[in-house]
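Just so we're clear, the structure is a prediction, and the values are computed from it rather than from any experiment. Heavy-atom basis, side chains included; hydrogens, waters and symmetry copies ignored.
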Amino acid sequence: MIKISRLRLRLRSSATRPMSVRIGAATIALATATTLAACGGNGGGGGGGGAGSASAEGTLTFAYDADAAPTGYDPLLYSQGQFTFFSAMYDALFVTQADGTVAPSLVTEFSNNPENTQTTLSLREGVTFTDGSPLDAELVKVNLDRRSDEDLEAYGAIAPGGASEITDVTVSDPQTVVITWAQPQATPENNLVDTAGIIVGPAGVADPSSLETTPDGSGAYTLNADETTRASTYTLDKNDEAWAADEWSYDTIVFDVITDPQALANAVVSGQADVATVLDPTTIDLVEQRQRTVSVGGTIVGFPVIDKTGANNPAFASEQVRLAMIHATDRETLVNDLHDGSRPTSQLFPESAPGFDPAIDEEFAYDPDRARELLAEAGFPDGIDVNYTVLGQPDEDAVAIQGQWAEVGIRLNFVTATSTDQVFAAVRTDPVIFGPFTVGAQPAGFIAGVLYGGFMNMQGATEPEIESSLGAALGATGDAQEHALTDLNRAITANGWFVPVYEDFTYAGYNAESVSEPAFAGTNNYLVLSEIQPAS
Amino acid sequence: MLAYVAKRLALAVGTVLAAVVIVFLLVHASDTTPGAVRAGAGATAERVAAENEALGWNRPLWVQFTDYLGQLVQGDLGTSLVDGRDIAADLADRLPVTASIALFATLLSGLVGVFLGVTAAVRGGRLGRLITTGSGVALSLPAFWVGILFVYLLSLQLGWFPATGYTEFSSDPLGWLSSIAIPVITLAVGGAAIIARTAAAGMREALTQEHIRTLRAMGTPRWRIRYVHALRYASVPVVSTLGIQFIALFGGSVIIENLFALPGLGQASQVAASSSDFPALVGVVVVATVVVVVTNLLLDLVVAALDPKVRTS
């Protein structure tokens with residue numbers, strides 16, 4: 001009996017202690033959780049506090065499928081597609097409007113000399129930057145003088161050696177600047193538009209490394225660093241002192257980075273985000289069941305022909321061989337099987353761009369017999385081998401096209417790269433590369449800067465037909481330019497410089513109850529942020 | 001007990017130090033350099049070399065390590081190679097997101113799991129088999145699929161909780177709770193299944209122990225035998241499993257943070273890895289290691305308090 005009592009006593013005492021330990025641990029855990037959350041500080045405010053609460057009055061929540069500023073806030077490090085984000089904090093000399101036209105922004109007037117080799121810009125007065133300093137001609141010159149910096153993606157076309165190279169920038173008076181071009185530029189505004197035309201403030205230009213963490217623009221919004229978490233949420237507060245503040249509707253704009261395609265769609269469907277872009281094609285049906293979408297073309301998927309001189313693969317010096325690839329590609333089948341909603345195309349220019357010509361699609365349609373004839377005419381009746389370097393597995397498009405081309409004797413061989421460096425180096429060795437290319441609203445600019453004057457022509461191939469129509473397109477205006485663009489478009493396909501497959505579309509979802517329909521910048525695949533208004 | 005605590009503490013410090021050494025060496029074994037990251041794609045070899053020189057990359061390895069360790073002790077994790085931000089401040093903002101979700105998911109899975117496990121062991125029969133089968137099914141469900149399902153049901157259909165995003169506790173406590181609700185429930189599904197199985201097995205074993213039989217013979221009330229004595233016996237493996245679960249949830253937060261667009265450590269590690277931002281990557285590893293080691297330490301102490309055999313062994 002005594003033994004049992006001792007046992008009970010021991011059990012009780014030992015049971016009591018762990019219980020208190022557990023209660024203590026639970027209390028600590030709860031307190032820790034609360035403290036952790038309370039100390040959350042700048043954990044990001046994106047997403048809103050509850051379902052449908054993101055669209056609080058005065059706040060626009062914009063969900064992006066990628067980080068808006070992965071390398072900081074120097075806008076010149078980015079391509080045109082980032083202008084949606086940067087347009088809130090920075091102003092550009094010219095901007096693309098929703099109807100696709102290019103309008104002056106920091107510029108009030110501009111004019112060309114008779115030869116179109118010099119452009120005089122009159123600058124807007126009353127524009128100030130984050131430190132209060134004003135916009136003047138000297139600042140524009142200092143900005144444009146950064147063009148030799150190869151890191152500045154936005155300046156690709158105006159950089160030394162670029163298709164629209166600027167050779168000199170002169171300050172005439174405090175509000176006037178004169179730009180001298182290497183080649184005649186009939187529409188100079190197209191070279192200084194959106195991201196390429198952004199003017200950074202004097203502090204940022206003097207010390208570009210400061211832009212890694214601190215934007216320096218004259219835009220209608222400033223970065224709220226306390227409410228910003230890199231790669232996750234960027235919060236911008238309206239600067240009522242900005243010259244264009246009245247043109248913007250919202251007090252706050254929150255950019256949420258949502259890289260998961262399903263989560264991005266969920267954000268706009270549930271009302272967490274007012275606008276979400278770029279939507280993955282697989283989620284469009286879901287979004288359209290609850291909300292609305294807008295789309296724009298402008299991205300052409302295809303094979304730029306790199307080796308047009310036949311330096312690495314002699315067969316590619318033959319125009320017939322290159323045309324054979326165009327005729328051997330069954331675009332309709334590929335789009336029907338793999339890319340519902342895309343548009344099969346045999347031309348480089350997007351459907352809504354000036355110079356688009358439906359006749360090109362008919363003339364260079366899928367015709368395997370014609371492809372075989374062309375190969376035979378070129379002296380390759382047994383076909384040709386085409387090496388194409390891929391990182392990992394080739395995508396489904398390339399695999400499908402491999403099968404189509406094999407039917408006419410074009411053997412597409414996948415070369416597996418072990419590093420991205422090897423893939424980039426392939427533009428010097430492979431006859432073709434493959435991928436989506438944002439041709440956008442200014443196809444002539446794409447051709448000048450990338451296809452003819454850029455990395456897609458590493459061997460410096462020349463083609464008089466392309467060169468003359470490109471020169472005419474860049475040096476003309478109105479109907480003459482439209483005509484030149486059509487000629488240029490046809491010349492690209494007819495000479496086999498690009499094997500187009502389909503035009504891809506960019507989708508954005510929006511909550512029609514909170515915002516009016518957003519608009520893309522013409523045929524560019526980015527939205528005009530300033531155009532987004534609360535739903536009426 | 002003091003000696004035990006001192007021993008575990010020393011082991012924890014050693015573990016953190018070992019992790020720092022390993023990640024430091026791994027970064028130096030990489031085929032790229034901070035100078036190349038800083039200079040950006042397409043930079044000339046001269047510029048990359050100049051950046052490396054400026055960053056001190058060419059100094060002897062041990063000098064770099066001691067410098068880094070010195071900074072680390074002062075809580076300085078350096079600055080990002082990509083955008084120059086302060087890494088310690090950035091991670092301090094992100095830590096509460098990941099930690100609160102992992103912690104609440106662990107607590108919820110503990111509560112639900114223990115309830116289900118004890119019920120399965122005590123009630124047995126069809127209910128017990130149902131719980132066992134159900135926990136098996138729950139264990140086999142991938143977290144991202146469960147997450148999508150809950151988003152569809154709780155957010156898109158019912159509109160109870162937001163589908164994505166994170167709200168700070170300080171700005172809106174209810175909004176904060178709402179914003180972490182679906183991620184926590186998602187993570188708790190698998191966790192509760194594991195705990196239910198662990199608790200059920202522990203309870204079944206406990207109920208066959210001699211001291212339990214003795215208590216029955218003494219006429220101790222059934223509820224007291226089950227929910228005090230047997231449950232205490234079964235709680236040791238449950239607490240161990242909960243600790244491991246917290247560590248797993250904390251370390252494996254990348255998928256959930258992506259799915260719900262949460263600005264936590266998982267997202268930070270993904271961004272750092274994809275941009276080869278070495279200091280940020282090392283910072284994430286160090287912070288995660290410290291959290292894991294501290295959790296393990298607490299776990300060891302709790303288990304030792306529950307089971308005297310542990311601290312005397």
Side-chain angles (χ1 to χ4, degrees), chain A residues 4 7-8 11 14-15 17-19 21-22 25-26 29-30 32-34 36-54 63 67 69-73 77 150-151 209 212-213 229-233 256-260 262-264 266-267 269-270 272-273 290, chain B residues 39-40 42-43 80 82-85 90 92-97 99-100 103-104 107 148 151-152 155-156 159-176 178-179 211 214-215 218 228-229 232 235 258-264 267-268 271 275 298 302 305-306 308:
Chain A
I4 290 172
L7 176 65
R8 292 183 65 178
L11 283 171
S14 60
R17 185 177 55 202
M19 203 53 154
V21 169
R22 274 179 294 186
L30 276 169
T32 307
T34 310
L36 284 172
C39 294
N42 310 326
S53 69
D67 189 357
T71 54
Y73 305 104
L77 290 170
E150 293 176 357
D151 288 344
S209 65
E212 290 177 349
T213 53
T229 300
R230 185 188 164 237
S232 177
T233 301
D256 279 337
V257 181
I258 305 180
T259 55
D260 183 86
Q262 187 64 49
L264 184 71
N266 290 342
V269 169
S270 67
Q272 290 300 120
R290 298 288 189 85
Chain B
S80 163
V82 176
D83 62 10
R85 75 192 186 285
D90 184 43
D93 287 343
R94 293 175 179 274
L95 179 61
V97 182
S100 59
L103 188 63
F104 276 90
L107 290 175
I148 290 171
V151 166
Y152 181 77
S155 179
L156 304 188
W160 290 354
F161 304 111
T164 59
Y166 178 76
T167 302
E168 296 161 32
F169 180 87
S170 55
S171 66
D172 179 4
L174 277 179
W176 167 76
S178 183
S179 70
H211 72 275
T214 307
L215 287 168
M218 288 167 59
V228 176
H229 301 290
R232 177 173 176 256
S235 65
N258 262 337
L259 188 61
F260 297 104
L262 300 167
Q267 192 190 59
V271 171
S275 58
L298 290 174
V302 171
L306 287 170

For the [atom1] atom of [X] and the [atom2] atom of [Y], what is their distance to the nearest 0.5 Å?
X: B:Gln267; Y: A:Asp67; atom1: CD; atom2: CG; result: 8.5 Å
X: A:Asn266; Y: B:Ile148; atom1: CG; atom2: CD1; result: 7.5 Å
X: B:Asp93; Y: A:Thr229; atom1: CG; atom2: OG1; result: 5.5 Å

Kindly give the heavy-atom pair with the smallest separation between B:Asn258 and A:Ala263, and that separation in Å.
O-CB, 4.0 Å

Which pair of non-hydrogen atoms, one from B:Val82 and one from A:Arg230, has the smallest distance, and what is that distance?
CG1-NH2, 3.8 Å

Using the side chain to side chain donor-acceptor pair (under 3.5 Å) criterion, which residues pair with B:Ser171? Sequence neighbours excluded.
none

Test of understanding: with side chain to side chain donor-acceptor pair (under 3.5 Å), list the residues that count as partners of A:Thr71, not counting sequence neighbours.
A:Tyr78

Please flag which part of A:Thr213 lies under 4.5 Å from any non-hydrogen atom of chain B: side chain, backbone, both or neither.
both

